[in-house]
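A short worksheet on the structure shown next.
Keep in mind that this is a model prediction, so the values were computed, not measured. In what follows, every chain begins at residue 1, and chains take the letters A, B, ... in the order their sequences are listed.
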Amino acid sequence: MQLYNTASRARQELVPVRPGKVYMYVCGVTVYDLCHIGHARSALVFDVLVRHLRRKGLDVTMVRNFTDVDDKIINRANSENRDWKEVAETYIRAFHEDMDALGVLRADVEPRATEHMQDIINMCEELIRQGKAYATPSGDVYFRVRSFAQYGKLSHRSLDDMLAGARVVPGEEKQDPMDFALWKAAKPGEPFWESPWGQGRPGWHIECSAMSRPWLPLDIHGGGMDLIFPHHENEIAQTEACCDCELAKLWMHNAFVQINSEKMSKSLGNFKTIRDILASWLPETLRYFLLSKQYRSPVDFTPEGMDDAERALIRVYECLEQTKAGLARAKWKKTALPEDITREWAALGRGFDEAMDDDLNTAMAMGHVFSMVRICNRVLEDKTLKAAEAARDLLTDFQKRMQVVCEELGLFGQEPAAFLAAMRDCRCARLAIDVARVEELLAARAEARAAKDFAASDALRDELKAMHVEVRDTPQGQTWDLLIAVAPGPQGPAPSPHEPS
RNA sequence: GGCGGAAUAGCCAAGUGGUAAGGCAGAGGUCUGCAAAACCUCUAUGCUCCAGUUCGAAUCUGGAUUCCGCCUCCA
């Protein structure tokens with residue numbers, strides 16, 4: 001498959017270093033707070049990559065680390081008067097809960113910085129021995145950036161350009177302003193580990209170099225865009241200087257989730273945690289929303305976008321439900337399907353797979369899903385066609401293909417009726433619909449219709465409509481759902497039912 | 001200042017030289033007591049603007065405008 005490589009700024013074929021096996025290392029989170037939807041996007045992108053590669057028959061080892069000792073964790077612990085380990089533990093648990101909810105597969109290996117102290121210290125020592133790092137009198141260890149000639153090869157910057165930037169302030173003990181910390185001497189009250197340089201703790205970048213070391217060279221190293229510099233650049237310098245081995249063959253970076261075209265950040269106050277979102281929408285809605293865009297483009301989070309995602313999900317699941325019902329038939333006829341349907345179905349062929357192979361083009365892959373849905377609905381709505389053996393075969397093929405889609409995207413895999421019910425409940429809660437009242441009106445309307453009192457029946461339907469409830473009359477009786485969205489009137493957008501906070 | 005990314009219909013979004021996927025919304029039709037859902041048809045002579053290369057450009061080149069990211073912790 002083709003993947004865009006940040007290092008070469010071009011797409012390239014993924015060729016596993018060890019045939020049949022793929023080793024991926026993705027930078028995880030620093031566990032000092034709940035994950036936001038940007039973390040969700042990153043996790044989702046690499047989750048889908050893993051799923052796709054596994055379906056292709058590759059033996060994937062997915063490694064995602066936790067940074068579980070860091071200034072922010074210590075600060076949080078201090079301000080809440082808790083133990084820093086407990087803070088880290090709390091948010092690791094929260095990470096798992098949130099990611100499980102979103103259907104993100106657990107990584108095969110989840111190394112934590114605190115569990116690799118000896119590896120980290122060893123690496124620092126090796127670098128010092130090779131003259132590529134140095135310890136200072138106060139017990140810090142710095143990487144000597146000038147010792148690594150290729151520094152800047154990932155982010156395509158030269159050291160001199162970086163020095164021209166005004167924000168680089170030379171640390172007192174640094175030999176060069178660009179040198180970065182591998183090991184930091186502990187300040188009073190901070191957690192520390194014993195080391196040849198005294199009590200201290202690791203710098204951020206070295207932990208990833210130490211933890212990814214068992215799998216060098218990695219086939220894929222991934223993370224968010226913002227990690228390109230300095231984090232990944234520094235990882236490359238440390239690993240390649242120390243181990244005399246390329247760190248990774250391919251670098252993948254996902255773009256951000258934005259709010260109003262701006263990066264989410266705490267300082268801007270436009271921060272949405274996964275839990276905020278899941279208070280108003282189903283996890284699968286967030287998953288669909290984030291995967292409906294190509295991973296290298298920024299995506300703007302909006303309630304409207306989430307509503308669109310709901311509609312799309314409902315369309316697919318309703319088709320899945322109808323397919324299931326259609327397939328329950330006992331007798332089948334020999335009627336042939338129209339030629340254009342069979343032709344279109346055949347043309348769909350490997351479209352989904354090809355889109356996924358093309359730098360994980362999930363947006364296009366979903367286009368193929370909707371093309372299948374359209375064809376199935378077409379067969380399903382025609383009484384003659386839906387009784388044909390050929391229709392049975394097509395619908396069965398659809399279910400089979402959707403199973404593949406589910407395995408790869410982690411979408412559309414639930415029991416359709418159950419999903420639709422959960423979706424309705426979710427939307428009822430969001431719009432504060434009184435379900436008991438709805439059922440009451442519905443019962444009254446059924447009575448009116450039975451008596452052919454259409455005036456009364458229509459009045460009840462209007463009343464329901466005012467509550468955002470749409471009634472459908474089917475041969476099996478009434479069903480109902482929520483009006484998908486309240487159309488923005490001339491007086492502006494409808495009051496938003498979404499107030500996740 | 002340095003480096004990079006993005007501008008495609010009312011909205012979201014694919015498309016990386018061969019004549020604009022898909023979803024939502026909208027119009028008409030079929031179905032329906034009337035609706036809804038579903039299906040069918042239609043909906044960007046044009047992809048921010050200006051030049052250029054080419055038989056052919058949303059796609060390549062040069063320039064302009066606007067927006068965004070990184071250069072400090074950050075998915």
Legend entry - Separation between the C1' atoms of B/C50 and B/A37, rounded to whole Å: 49 Å
Inset, instruction - Looking only at side-chain atoms of A/E318, point me to the closest of B/A37, B/G33, B/A13. - result: B/A37
Inset, instruction - Pick base, sugar-phosphate or nothing for A/A312, based on heavy-atom distances below 4.0 Å to the nucleic acid. - result: sugar-phosphate
Inset, instruction - Please determine, for the side chain of A/R374, which listed nucleotide (B/A13, B/C39, B/A35) has the closest atom? - result: B/C39
Inset, instruction - Return the value, rounded to whole Å, for the distance between atom CG of A/L102 and atom P of B/A75. - result: 16 Å
Inset, instruction - Under 4.0 Å between any heavy atoms, over every strand shown, what does A/Q258 touch: base, sugar-phosphate, or nothing? Just pick one. - result: sugar-phosphate
Inset, instruction - Could you measure between the two P atoms, the one in B/U54 and the one in B/A64, and give it in whole Å? - result: 23 Å
Inset, instruction - With P as the reference atom in both, quote the distance from B/U61 to B/A6 in angstrom, rounded to an integer. - result: 12 Å
Inset, instruction - Check every atom of B/C68, B/A14, B/C24 against the side chain of A/R311 and return the nucleotide holding the closest atom. - result: B/C24
Legend entry - Pairwise P distance, B/C60 and B/A7 [rounded to whole Å]: 11 Å
Legend entry - Side-chain donor/acceptor of A/D458 to base of B/G33, under 3.5 Å: yes
Legend entry - For B/C55, the Watson-Crick or wobble partner whose two distances fall under 3.5 Å: B/G18
Legend entry - Any strand: nucleotide that pairs with B/C49 via Watson-Crick or wobble, under 3.5 Å: B/G63
Inset, instruction - Output the distance between atom CD1 (A/I74) and atom OG (A/S79), rounded to the nearest 0.5 Å. - result: 12.0 Å
Inset, instruction - Measure from NE2 on A/H221 to C1' on B/A75 and round the result to the nearest Å. - result: 12 Å
Inset, instruction - Would you mind pulling out the nucleotide paired to B/A38, Watson-Crick or G-U wobble, both distances under 3.5 Å? - result: B/U30
Inset, instruction - Could you state the atom-to-atom distance from NZ of A/K383 to P of B/U30 in whole Å? - result: 16 Å
Legend entry - A/Q478-A/R472 side chain donor-acceptor pair, cut-off 3.5 Å: no
Inset, instruction - Please give the nucleotide sitting opposite B/G10 as a Watson-Crick or G-U wobble pair, both distances under 3.5 Å, or none. - result: B/C24
Legend entry - Interatomic distance, A/L227 CG vs B/C71 P [rounded to whole Å]: 10 Å
Legend entry - Nearest listed nucleotide, side chain of A/R315, among B/G33, B/A75, B/A38: B/A38
Legend entry - Quiz item: A/D473 side-chain donor-acceptor pair to B/C34 base, under 3.5 Å: yes
Inset, instruction - Could you work out which one of B/A14, B/G33, B/C73 sits closest to the side chain of A/S457? - result: B/G33
Inset, instruction - By nearest nucleotide on RNA chain B, pick out whichever of A/G367 and A/R461 is the more 5' one. - result: A/G367
Inset, instruction - Rounded to the nearest angstrom, tell me the gap between atom CG in A/L291 and atom P in B/A14. - result: 12 Å
Inset, instruction - Could you check which of B/C70, B/A75, B/G15 has an atom nearest any side-chain atom of A/F229? - result: B/C70
Inset, instruction - Give the rounded distance in Å between these two atoms: CG of A/D179 and C1' of B/U72. - result: 17 Å
Inset, instruction - Answer with base, sugar-phosphate or nothing: what part of the nucleic acid does A/K452 contact at a heavy-atom distance below 4.0 Å? - result: nothing
Legend entry - Nucleotide forming a Watson-Crick or wobble pair with B/C3, both distances under 3.5 Å: B/G69
Inset, instruction - Mind calculating the distance between CZ (A/F370) and P (B/C39) to the nearest angstrom? - result: 11 Å
Legend entry - Ion pair A/K386/A/D382, N-O distance below 4.0 Å: no
Legend entry - Cation-aromatic face contact A/R424/A/W480, 6.0 Å, 45 degrees: yes
Inset, instruction - Taking only the side-chain nitrogens and oxygens of A/N254, find out if one of them lies under 4.0 Å from OP1 or OP2 of B/A75. - result: no
Legend entry - Nearest-Å distance once atom P is located in both B/A44 and B/G23: 16 Å
Legend entry - Ring centers of A/F66, A/F95 separated by less than 6.0 Å: yes
Inset, instruction - May I ask whether A/F256 stacks on the base of B/A75, given the cut-offs of 5.5 Å between ring centres and 30° between planes? - result: no
Legend entry - Rounded C1' spacing from B/U48 to B/U66 in Å: 8 Å
Inset, instruction - Tell me whether the OP1 or OP2 atom of B/G4 has a side-chain N or O from A/R9 closer than 4.0 Å. - result: yes
Legend entry - Side chain A/N5, main chain A/W251, donor-acceptor under 3.5 Å: yes
Legend entry - Whole-Å C1' distance, B/G26 and B/U19: 26 Å
Inset, instruction - Determine the contact category for A/R472: base if any of its heavy atoms lies under 4.0 Å from a base atom, sugar-phosphate if only primed atoms, P, OP1 or OP2 are that close, otherwise nothing. - result: base
Legend entry - Length of the NE2-P vector between A/H232 and B/C71, whole Å: 13 Å
Inset, instruction - Please determine if a side-chain N or O atom of A/K263 lies less than 4.0 Å away from the OP1 or OP2 oxygen of B/C70. - result: yes
Legend entry - Ion pair A/R449/A/D473, N-O distance below 4.0 Å: yes
Legend entry - Greater than 12 external heavy atoms within 6.0 Å of A/E439's CD: yes
Legend entry - B/A21 versus B/U59 - spacing of their C1' atoms, nearest Å: 16 Å
Inset, instruction - Answer with base, sugar-phosphate or nothing: what part of the nucleic acid does A/G38 contact at a heavy-atom distance below 4.0 Å? - result: base
Legend entry - Residue of the set A/D33, A/D71, A/D70 for which salt bridge (Lys or Arg N to Asp or Glu O under 4.0 Å) holds with A/R76: A/D33
Inset, instruction - For A/M366 and for A/P298, find the nucleotide of RNA chain B with the closest heavy atom, then tell me which residue's nucleotide is more 5'. - result: A/P298
Legend entry - Sugar-phosphate only, base, or nothing, as touched by A/H231 at under 4.0 Å among non-hydrogen atoms: nothing
Inset, instruction - Report yes or no: is there a donor-acceptor pair, N or O only, under 3.5 Å between the side chain of A/H253 and the base of B/A75? - result: no
Inset, instruction - Check every strand shown and say whether A/R64 touches a base, only sugar-phosphate, or nothing at a heavy-atom separation below 4.0 Å. - result: nothing
Inset, instruction - Check every strand shown and say whether A/V26 touches a base, only sugar-phosphate, or nothing at a heavy-atom separation below 4.0 Å. - result: nothing
